[in-house]
Amino acid sequence: MAKTLTPQQKRVVGAAVAVQLVIALLTLRDLSRRPAEKVRGPKWIWRILGTANTAGSATYWVVGRRR
């Protein structure tokens, strides 16, 4: 499939993958540093959701963290 992409499409896909990787790493870093009582729900579930896709990470940042 990568052979059918134009160079511009390859750059867009590469940038999207890089953004997802950075967001997932930031989510995992926050989860590792945040005490369990400041997280809504089990941390292991948020680790899975946070690395699965961008929507999972966004949900953690909006809903999963207690202030």
Using the rule that two of Ile, Leu, Val, Met, Phe, Trp, Tyr join whenever any of their side-chain heavy atoms come within less than 4.5 Å, decide whether [X] and [Y] are in one cluster.
X	Y	result
Tyr60	Val22	yes
Trp46	Trp44	yes
Ile23	Ile45	no
Leu21	Val13	no

Would you sort out whether Thr27 and Trp61 count as a side-chain contact (heavy atoms from CB on, under 4.5 Å), showing the intermediate values?
CA-CA 8 Å; Thr27 301; Trp61 289 97; 2.9 Å; yes
Please name the pair of heavy atoms, one in Gln20 and one in Asn53, separated by the smallest distance, quoted to 0.1 Å.
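Smallest heavy-atom distance, with atoms named: OE1-C, 3.4 Å.
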Can you name the closest pair of heavy atoms from Gly50 and Ser57 and give their distance?
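What the structure gives for the nearest pair is O-OG, 2.5 Å.
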Euclidean distance, Leu26 CG relative to Leu31 CG, rounded to 0.5 Å
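Answer for the CG-CG pair, Leu31 versus Leu26, is 11.0 Å.
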Thr51 versus Leu28: any side-chain heavy-atom pair under 4.5 Å?
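Yes, at least one pair of side-chain atoms sits under 4.5 Å.
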Taking the side chain from Arg65 and the backbone from Lys38, do they hold a donor-acceptor pair closer than 3.5 Å?
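Answer holds: no.
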Short side-chain to backbone donor-acceptor contact, Lys43 and Pro35, under 3.5 Å
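The answer is no, because no donor-acceptor pair under 3.5 Å joins these two groups.
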